Amino acid sequence: MSKKPSKTVPRAASKASSRKLPIAATKRPAAPSEHDTADRIARSLEAIAAHLSAASPKPSAADSLGSADAFVWHPNGRLVPVPRVSRVDLGLLKGIEQVRDILIENTERFADGLPANNALLWGARGMGKSSLVKAAHASINVNRKPAERLKLIEIHREDIESLPALMDLLRSSDFHFIVFCDDLSFDGNDASYKSLKAVLEGGIEGRPDNVILYATSNRRHLLARDMIENERSTAINPGEAVEEKVSLSDRFGLWLGFHRCSQDEYLAMVKGYCGHFGIKLDEAELEREALEWSTTRGARSGRVAWQFTQELAGRLGVKLAGK
């Protein structure tokens, strides 16, 4: 009887089967700790808060008008508050009593809601044009309630073209504003004066009732004399060539002229400053040094008097309190 052939298993296969296959170990994810969970919650809350902050409406420039009495206008639409205005006390401005009284009266009428004029303060350098505007603003606000306080907004000469945007911002406010431009003047090819001209009187909307414009300039017509003469000489109609630019100053209802002071007025300014800040020096010596100082500067003005006062105070070791 024949035997069936036995099946032979390959050696390699038999060895493989004899080995135990490794069992892949699967690790369970570690349970998050309480600290990690708290961190994730905190990060999620921060992201939600940031999103809500970005989505919330930003306070507009008009909303912050009650935060200060003075601001600087930026053409991107920002009004930057000025916590402390650099100004001189009204009583220290000597030799300009007549124009001082006119400007104070005009400003007070405006602050009370009565008709008032835009003002152009023009004339000699250093005679207190811008100082008078800032001092008048401060004096009008004395003893006024917060809601009745007059606001002073400075616009730089190079930003005059953005003046209509500023007017739009202020038009709806309950406050009254002096919009102030220091050292205003225009070159022959400068067309930005048209923005100012339209706001003063020429535009459809005109100047808002709660806004008045004060400007200072060394030029009465805001345009250099040689430029006026050049346009007059080269134009077909000389009279009409400069009429548009010269008429700009005519739109200021008040023209307040500042002229060079006399020697007595200059010495009165120096003595006023020294008395106010407690600077003690023999009167004869004070006059001699003050006159010598003005001679070296080649001018007598309120600015020169103040510069001498600073020199004298520094030499005598006196601090100018409040400056």
Side-chain angles (χ1 to χ4, degrees), residues 70 82 84-108 119-142 152 154 156-157 178 180-185 214-220 222 249 252 254-281 283-316 318-323:
V82 180
R84 182 174 177 271
V85 177
S86 175
R87 58 164 59 100
V88 177
D89 187 82
L90 187 64
L92 295 176
L93 299 177
K94 306 292 184 181
I96 55 173
E97 287 77 11
Q98 183 179 3
V99 293
R100 177 200 64 194
D101 293 343
I102 294 173
L103 189 69
I104 289 289
E105 182 182 355
N106 189 72
T107 308
E108 192 166 14
L120 174 63
L121 292 71
W122 67 276
R125 296 188 300 272
M127 281 305 297
K129 297 184 292 294
S130 60
S131 296
L132 178 57
V133 173
K134 292 182 285 188
H137 167 252
S139 67
I140 295 300
N141 276 341
V142 174
L152 179 68
E154 182 177 18
H156 296 140
R157 156 67 189 85
I178 298 174
F180 169 54
C181 184
D182 191 23
D183 197 19
L184 180 64
S185 61
Y214 286 177
T216 69
S217 178
N218 296 329
R219 304 168 181 173
R220 183 173 183 177
L222 305 178
S249 59
F252 289 90
L254 285 182
W255 282 13
L256 303 179
F258 289 69
H259 308 287
R260 297 190 182 281
C261 62
S262 65
Q263 178 173 298
D264 291 340
E265 289 171 334
Y266 167 72
L267 291 175
M269 295 173 187
V270 171
K271 293 175 182 178
Y273 283 133
C274 290
H276 180 76
F277 294 108
I279 302 173
K280 301 184 184 301
L281 190 67
E283 184 173 354
E285 179 67 14
L286 178 64
E287 291 184 358
R288 186 190 67 78
E289 289 194 19
L291 292 175
E292 181 180 351
W293 179 272
S294 68
T295 301
T296 60
R297 296 303 303 269
R300 290 190 299 261
S301 69
R303 181 178 297 151
V304 172
W306 172 243
Q307 291 167 345
F308 169 72
T309 303
Q310 292 185 100
E311 160 67 21
L312 184 61
R315 178 153 42 93
L316 298 180
V318 177
K319 292 185 177 181
L320 302 180
K323 293 302 293 180

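Numbering starts at 1 and runs along the sequence shown. Predicted, not measured: the structure shown is a model, and the values here were computed from it.
Side-chain contact between Leu103 and Tyr214 is present, with heavy atoms from C-beta onward closer than 4.5 Å. Here the side chains of Gln307 and Arg297 are in contact, with some heavy-atom distance below 4.5 Å.
Between the side chain of Lys129 and the backbone N or O of Ala215 there is no donor-acceptor pair closer than 3.5 Å. Ser217 places a side-chain N or O within 3.5 Å of a backbone atom of Leu184 that can act as its donor or acceptor partner.
The minimum heavy-atom distance linking Cys274 with Leu286 is given by the pair SG-CD1, 3.9 Å. Here the closest non-hydrogen pair linking Leu320 and Ala313 is CD2-CB, 3.6 Å. Shortest non-hydrogen contact noted between Ser294 and Val304 is CA-CG1, 4.1 Å. Among all heavy-atom pairs drawn from Ile279 and Val318, the shortest one is CG1-CG1, 4.1 Å. In terms of heavy-atom proximity, Met127 sits nearest to Gly302 at SD-N, 3.8 Å. Between Gly257 and Val99, the closest heavy-atom pair is O-CG1, 3.7 Å.
In terms of the side chain to side chain contact (heavy atoms under 4.5 Å, CB included) criterion, residue partners of His259 (sequence neighbours excluded) are, by chain and number, Trp122.
Rounding to the nearest 0.5 angstrom, the gap separating the OG1 atom in Thr309 from the CE atom in Met269 is 11.0 Å. Taken to the nearest 0.5 Å, the NZ atom of Lys94 stands 13.5 Å off from the CG atom of Asp264. Once rounded to the nearest 0.5 Å, the distance linking CG of Leu121 with OG of Ser131 reads 11.0 Å. Here the CZ-OH distance, from Arg260 to Tyr266, works out to 13.5 Å after rounding to the nearest 0.5 Å. A distance of 14.0 Å separates CG of Leu312 from OH of Tyr273, quoted to the nearest 0.5 Å. The distance from atom OG1 of Thr107 to atom CD1 of Ile102, rounded to the nearest 0.5 Å, is 11.5 Å.
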Handout entry: Full working for side chain to side chain contact (heavy atoms under 4.5 Å, CB included) between Leu267 and Leu291
Key = CA-CA 8 Å; Leu267 291 175; Leu291 292 175; 4.0 Å; yes
Practice task
Applying side chain to side chain contact (heavy atoms under 4.5 Å, CB included), run through Thr216 and Phe180 and close with a yes or a no.
Solution key: CA-CA 8 Å; Thr216 69; Phe180 169 54; 3.7 Å; yes
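Applying the 6.0 Å contact sphere to CD of Glu97 captures more than 12 heavy atoms from other residues, nucleotides or ligands. Around the CZ atom of Arg315, the shell of radius 6.0 Å holds more than 12 heavy atoms that belong to other residues, nucleotides or ligands.
Look at Glu283 and Lys271 and you find a salt bridge, because one of the NZ, NE, NH1 or NH2 atoms lies within 4.0 Å of a carboxylate O, short of that distance.
Just one residue in the list His137, Arg100, Lys134 forms a side-chain contact (heavy atoms from CB on, under 4.5 Å) with Leu90, and that residue is Arg100.
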